[in-house]
Amino acid sequence: MATLSRMGEVERVGTDVWVHRVADRSAFDSALRAEAAWVLLDPTRPAWARARRARAGGQSVAVIGGGAAYQRWGFGPTTWPAELHTPDGNAVRFASLDVEVRRKEVEPDDIVWFGPFPYLGVEATLAGSFAWDGDLDSVAANLADALWRLHPVDGGRLRKHLATLHRTDDERAATVEADNRWDELLRRTGRRHPQPVGGAGSAWRQNRPPSDAAIARYRAALDPERRAQLWTSVVQEFHGS
């Protein structure tokens, strides 16, 4: 590997983890560092073998989250550190990779696979970003982007994740606070008007749960009036989910 590195064929990501230049990934890539940490949780088994076993058997699996998931879903740069959520690991840190490992089991419905790597779903990622910086405007902007670019987004699941962020001994007060925050998020999201995307982005190319028909419909809405109507329908659909 040292020879390949000198020749510029590979780049070291972490201890015993390298990436080939044809992957067009950099060690500065938060998602790549998280994937390296995921590999290092069980370095004796290939990533694809681990993924096949986890998906076939429905067993618990370490999931990439935090800033790495935020980046993977295409929401841009963030100071939120990359995280690994694992049901059976100690809360340790891959210091060389700047990835935190947290002891937490992720529900299967909150896992989306990008190749052999399990990532936190977009709804849990959006809620987590609010827990990280408390910026509801940023969540609204990213939700509007997700509704347009990653359609569909599960409103019920997002609301559930946001509600869990406000826990107090006063259950009624917690419910009222969660409801108020949700209503404000919907209000701020609806005011935004995303532009149609010319391409699907890296998240779409690597993972395609949204329907091709919906993306084609978005791309066809190039007329401003039609686009405004479409955005209104998207928001109304999300409100009802």
Side-chain angles (χ1 to χ4, degrees), residues 29-32 34 63-83 109-114 117 119-163 165 181-241:
D29 181 339
S30 174
L32 177 62
V63 178
I64 298 171
Y70 187 91
Q71 176 184 316
R72 172 59 71 198
W73 285 113
F75 295 130
T78 178
T79 58
W80 189 13
E83 298 173 352
D109 287 344
D110 283 323
I111 301 174
V112 177
W113 292 84
F114 290 83
F117 299 106
Y119 275 82
L120 205 59
V122 64
E123 297 87 1
T125 299
L126 287 170
S129 72
F130 180 73
W132 166 251
D133 61 16
D135 187 344
L136 197 63
D137 268 335
S138 176
V139 177
N142 288 328
L143 175 56
D145 173 47
L147 289 175
W148 190 261
R149 181 171 54 86
L150 302 171
H151 178 85
V153 177
D154 189 328
R157 183 160 291 276
L158 174 58
R159 185 173 189 172
K160 184 193 77 169
H161 283 299
L162 286 170
L165 302 179
R181 182 167 55 207
W182 177 251
D183 290 342
E184 180 62 17
L185 174 61
L186 294 182
R187 186 182 69 81
R188 298 187 191 188
T189 301
R191 288 205 314 252
R192 298 182 177 274
H193 193 172
Q195 298 300 308
V197 293
S202 60
W204 172 258
R205 289 195 302 269
Q206 298 186 46
N207 182 73
R208 298 180 58 175
S211 71
D212 289 331
I215 292 298
R217 181 163 53 94
Y218 294 162
R219 290 177 178 171
L222 298 178
D223 176 79
E225 183 176 347
R226 290 178 59 206
R227 187 166 65 246
Q229 292 172 350
L230 177 57
W231 174 239
T232 299
S233 70
V234 168
V235 172
Q236 290 175 343
E237 177 187 348
F238 179 74
H239 283 202
S241 66

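- A search for salt bridge (Lys or Arg N to Asp or Glu O under 4.0 Å) contacts involving Arg159 returns Asp179, not counting sequence neighbours.
- Expressed to the nearest 0.5 Å, how far CG of Asp109 lies from CZ of Arg157 amounts to 4.5 Å.
- With sequence neighbours excluded, no residue satisfies ring pair (Phe, Tyr, Trp, His ring centres under 6.0 Å) with Phe130.
- The shortest non-hydrogen separation linking Leu136 to Arg188 is CB-NH1, 3.7 Å.
- For the atom pair CG of Leu162 and CH2 of Trp182, the computed distance is 6.5 Å after rounding to the nearest 0.5 Å.
- A centroid separation of 6.0 Å or more is found between the aromatic rings of Phe75 and Trp80.
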Next item on the list: Test Thr78 against Ser129 for side-chain contact (heavy atoms from CB on, under 4.5 Å), laying out the working first.
Entry: CA-CA 9 Å; Thr78 178; Ser129 72; over 6 Å; no

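- Distance check, rounded to the nearest 0.5 Å: CD of Glu83 to OG1 of Thr125 gives 10.0 Å.
- Residues Val122 and Val112 have side chains not in contact (no heavy-atom distance under 4.5 Å, counting atoms from C-beta outward).
- Scanning both residues, Pro81 and Trp132, for their nearest heavy atoms gives CD-CH2, 3.5 Å.
- Between Glu184 and Arg187, at least one side-chain nitrogen of the basic residue sits less than 4.0 Å from a carboxylate oxygen of the acidic one, meeting the salt-bridge criterion.
- Closest approach of Arg72 and Ala31 over heavy atoms only: NH2-CB, 4.2 Å.
- Remark: the backbone N or O of Ala141 is not paired with any side-chain donor or acceptor of Asp145 at under 3.5 angstrom.
- For the salt bridge (Lys or Arg N to Asp or Glu O under 4.0 Å) test, no residue two or more places apart in sequence or in another chain qualifies with Asp133.
- The line from CG of Leu158 to CG of Leu143 is 6.0 Å long, rounded to the nearest 0.5 Å.
- Considering all non-hydrogen atoms of both residues, Ser30 and Gly67 come closest at OG-C, 3.9 Å.
- Residues Ala127 and His161 come closest through the heavy atom pair CB-CB, 3.5 Å.
- Within the 4.5 Å cutoff, no side-chain heavy atoms of Ile64 are placed close to those of Leu120.
- Summarising the geometry, atom CG belonging to Leu126 is positioned 9.5 Å from atom CH2 belonging to Trp73; distances are rounded to the nearest 0.5 Å.
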